[in-house]
> 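Below you'll find the structure I mean.
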Amino acid sequence: MVRTLVVSTENIDDVQEAVAEIQAQLDMDKNLLKNTVGIITCHLEFVFSGVLKAICESLPFDIAGTITTVQAINEHSGTLLLTLMVLTSDDISFKAVMTPSLKTDPANAIREGYREAAGTGAEKPVLVFSFAPFMVENSGDEYVNVLTEVSGGAPCFGTLSVDDSADFRDCYMLFNGEHYRDRMSMILVYGNLDPKFYIATISENKILDRAALVTSAEGHILKEVNGRPVADYFEDLGLTKASETSYAMTSLPFMLDYGDGTPPVSKVFIGLNENRQAICAGTMPIGSTLYMGVFDKDDVLLTTGNAIHAALSESPGASGMLIYSCISRSMSLGSDLMAEMELLNRESGGKVPFMMAYSGGEICPTQVSESKAVNRFHNNAFILCIF
């Protein structure tokens, strides 16, 4: 059994007051059990003001997470906010760790960090939470593939950080009060926990029928589709001008079908490089098929609502929900920035403690079996872990 506590503060400037506020809400003497860990998210200003560090130093357990642009817990959402989800249990244990730098050899860094946390024990975690900075030079798919490999196929759930700068220069991962631009943190969960996962992307009727086969690609660089330069594909769709502007096509996600019987995954096109090849926010495997979709506010709320309803109806006795939603979904909401979070709050009705934050890339299984989870890296996705 796990007990879930969610707390928050809007106090950016007064360190002592912010610490007192969080500690009062947690009421640790009454609420904490034998094993405890925290998952945190906050606006960048909490890092610079020292509030993040002070709060984490005041708490007797490991805390990992990321900065974000918008976030929520039950009945409280906002931009200039710090939120903390605390998981505590007598029969479930947690191991938290931070990797070395992801700049030169991210795969080896993730392996090293995981093995430090897992130790020599043979037990496979029931869940791995992971948190990493958004780094243009790295592929989130590589992170996920390595985590799946080193954990023996454990379900992996997490996020890449996102800030509100134009160039995403301050996308920090957070670990025990410190902030990092080039490291991943993980929380390995062991014991009697049965997490379930839900993903919302785009409705089928919003997907165009112009399928394209990936015929040449290198990692997250898409070079050719249907045997032709990818720039020609955009021209055929009348999207040449949009494709030449970075992030101009966030409302036109790719749905990528791996052709292996697993559900399609949403990916974002970032822009063209100097060779007019497509830079994507995720690996584009040769032989996969991509479909372009059309994203809008109504469909964001429809698909999100469907995922929330399914999660709550299928797990009526849940202890908590952790949720991340791609920043591109937020952009599609226009001026109604809190609409997705307000929908979550209405649907949950205060029955299940939750924390939700916007994301620069989402990590969530598309399938889970007793032997192995099919973990994927997503863009344009709303992901939900209920436990």
> Honestly curious: do Ile12 and Val70 fall in one hydrophobic cluster under the side-chain, below-4.5 Å linking rule?
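Result: no, two separate clusters.
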> Would you say the side chain of Thr69 lies within less than 4.5 Å of the side chain of Ile327, judging by non-hydrogen atoms?
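Yes - at least one pair of side-chain heavy atoms lies under 4.5 Å apart.
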> If you look only at distance, which donor and acceptor atoms sit under 3.5 Å apart when one is on a side chain in residues 221-232 and the other is two or more places apart or in another chain?
{"residue": "Lys223", "atom": "NZ", "partner": "Glu218", "partner atom": "OE1", "Å": "3.2"}
{"residue": "Asn226", "atom": "OD1", "partner": "Leu213", "partner atom": "N", "Å": "2.9"}
{"residue": "Arg228", "atom": "NH1", "partner": "Asp236", "partner atom": "OD2", "Å": "2.7"}

> Could you check whether Asp257 and Tyr291, counting side-chain N and O atoms only, form a donor-acceptor pair closer than 3.5 Å?
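No donor-acceptor contact under 3.5 Å links the two side chains.
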> Should Phe295 and Leu337 be regarded as members of a common hydrophobic cluster, given that ILVMFWY residues are connected when their side-chain heavy atoms come within less than 4.5 Å of each other, either directly or indirectly?
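Yes, it is one cluster - the side chains of Phe295 and Leu337 are joined through contacts under 4.5 Å.
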> Are Ser93 and Asn35 close enough, and set up right, to give a side-chain hydrogen bond (donor to acceptor under 3.5 Å, both in side chains), and what steps lead you there?
CA-CA 6 Å; Ser93 61; Asn35 305 309; 5.4 Å; no
> Parallel, tilted or perpendicular: which fits the ring planes of Phe131 and Tyr324, with parallel below 30° and perpendicular above 60°?
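Rings of Phe131 and Tyr324: perpendicular, as their planes differ by over 60°.
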> Could you check if a side-chain atom of Met355 sits within less than 4.5 angstrom of a side-chain atom of Thr4, using non-hydrogen atoms only?
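Met355 does not reach Thr4 side chain to side chain.
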> Using 0.5 Å steps for rounding, measure from the OG atom of Ser139 to the CG atom of Asn145.
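If we round to the nearest 0.5 Å, Ser139:OG and Asn145:CG are 7.5 Å apart.
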> Under 4.5 Å between any side-chain heavy atoms of Asn345 and Phe354, yes or no?
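A side-chain contact under 4.5 Å exists here.
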> Assess the residue pair Arg329 and Glu340 against the criterion (salt bridge (charged side-chain N to carboxylate O under 4.0 Å, His left out)); give the C-alpha distance rounded to whole Å, side-chain angles, the decisive distance to 0.1 Å, and a yes or no.
CA-CA 9 Å; Arg329 296 177 77 86; Glu340 202 172 20; 3.1 Å; yes
> Any side-chain heavy-atom pair from Arg181 and Cys171 closer than 4.5 angstrom?
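With C-beta onward as the side chain, the pair touches.
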> Taking atom types as modelled and ignoring hydrogens, do the side chains of Thr159 and Ser359 form a donor-acceptor contact shorter than 3.5 angstrom?
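Result is yes, a qualifying pair exists.
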> Mind checking the OH-CD1 spacing from Tyr198 to Ile383? Nearest 0.5 Å is all I need.
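Tyr198 OH to Ile383 CD1: 14.0 Å, rounded to 0.5 Å.
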> Under a 4.5 Å cut-off applied to non-hydrogen side-chain atoms, are Thr303 and Phe382 in contact?
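SC-SC contact between Thr303 and Phe382 ruled out.
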> So do Val86 and Asn31 actually touch side chain to side chain, heavy atoms under 4.5 Å?
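No, their side chains stay 4.5 Å or more apart.
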> Would you kindly confirm whether Phe254 and Leu272 end up in one hydrophobic cluster when ILVMFWY residues are joined by side chain heavy atoms under 4.5 Å apart?
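Linked, Phe254 and Leu272 end up in one cluster.
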> Report, as yes or no, whether the 6.0 Å neighbourhood of atom NZ on Lys351 holds more than 12 heavy atoms from other residues, nucleotides or ligands.
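Not buried by this count: 12 neighbours or fewer within 6.0 Å.
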> Checking side-chain polar atoms at under 3.5 Å, does Ser203 have a donor or acceptor matched by the opposite partner on Asp299?
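There is such a pair between these side chains.
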> When hydrophobic residues are tied together by side-chain contacts of less than 4.5 Å, even through go-betweens, does Val150 share a cluster with Met184?
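Hydrophobic grouping puts Val150 with Met184.
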> Check the hydrophobic clustering (I, L, V, M, F, W, Y; side-chain heavy atoms under 4.5 Å; chains of links allowed) and say if Phe377 and Ile199 are grouped together.
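No, separate clusters.
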> Kindly compute the distance separating OG (Ser185) from CD (Glu178), expressed to the nearest 0.5 Å.
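Reported value, rounded in 0.5 Å steps: 13.0 Å.
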> State whether the number of non-hydrogen atoms from other residues, nucleotides or ligands found under 6.0 Å of Asn275 atom CG is greater than 12.
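Yes, because the 6.0 Å sphere around CG of Asn275 holds more than 12 heavy atoms from other groups.
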> Ser101 and Asp182: side-chain hydrogen bond (donor to acceptor under 3.5 Å, both in side chains), yes or no, with the steps?
CA-CA 5 Å; Ser101 175; Asp182 65 340; 2.7 Å; yes
> Find the distance between OG1 (Thr88) and CG (Leu32) and round it off to the nearest 0.5 Å.
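Thr88 OG1 to Leu32 CG: 5.0 Å, rounded to 0.5 Å.
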> When you compare the side chains of Thr9 and Asn11, does any donor N or O come within less than 3.5 Å of an acceptor on the partner?
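Looking only at side-chain atoms, Asn11 and Thr9 do not form any donor-acceptor pair under 3.5 Å.
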> Which residue is it: Asn375, Asn138, Thr148? I am looking for the one with a side chain to side chain donor-acceptor pair (under 3.5 Å) to Tyr143.
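Per the side chain to side chain donor-acceptor pair (under 3.5 Å) rule, the option paired with Tyr143 is Asn138, out of Asn375, Asn138, Thr148.
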> If you look only at pairs with a residue in residues 71-80, which of them pass as a salt bridge (charged side-chain N to carboxylate O under 4.0 Å, His left out), with sequence neighbours excluded?
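Listed by first then second residue: nothing to list.
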> Aromatic ring centroids of Phe269 and Phe234 under 6.0 Å?
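That pair passes the under 6.0 Å test.
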> Between Thr41, Ile63, Leu5, which is the residue that forms a side chain to side chain contact (heavy atoms under 4.5 Å, CB included) with Leu84?
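Of Thr41, Ile63, Leu5, side chain to side chain contact (heavy atoms under 4.5 Å, CB included) with Leu84 is met by Ile63 alone.
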> Does CD belonging to Gln16 count more than 12 external heavy atoms closer than 6.0 Å?
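12 or below, so no.
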> Find out whether Val189 and Ile92 are in side-chain contact, i.e. whether some heavy atom of one side chain is under 4.5 Å from a heavy atom of the other.
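Val189 vs Ile92: side chains touch.
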> Nearest 0.5 Å, please: how far is OG in Ser130 from CG in Leu188?
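So the CG of Leu188 and the OG of Ser130 are separated by 10.0 Å.
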> Taking the side chain as everything from C-beta on, heavy atoms only, tell me whether Met85 gets closer than 4.5 Å to Pro353.
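A side-chain contact under 4.5 Å is absent here.
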> So how far is it from His43 NE2 to Thr68 OG1, rounded to the nearest 0.5 Å?
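Nearest 0.5 Å value for the NE2-OG1 distance: 9.0 Å.
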> Going by ring pair (Phe, Tyr, Trp, His ring centres under 6.0 Å), name the residues that satisfy it together with His179, two or more places apart in sequence or in a different chain.
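By the ring pair (Phe, Tyr, Trp, His ring centres under 6.0 Å) rule, His179 matches Tyr172.
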> Between Phe157 and Phe129, how do the two ring planes meet: parallel, tilted or perpendicular, split at 30° and 60°?
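It falls in the perpendicular class, over 60°.
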> More than 12 heavy atoms of other residues, nucleotides or ligands under 6.0 Å from CD of Glu137: yes or no?
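Enclosed.
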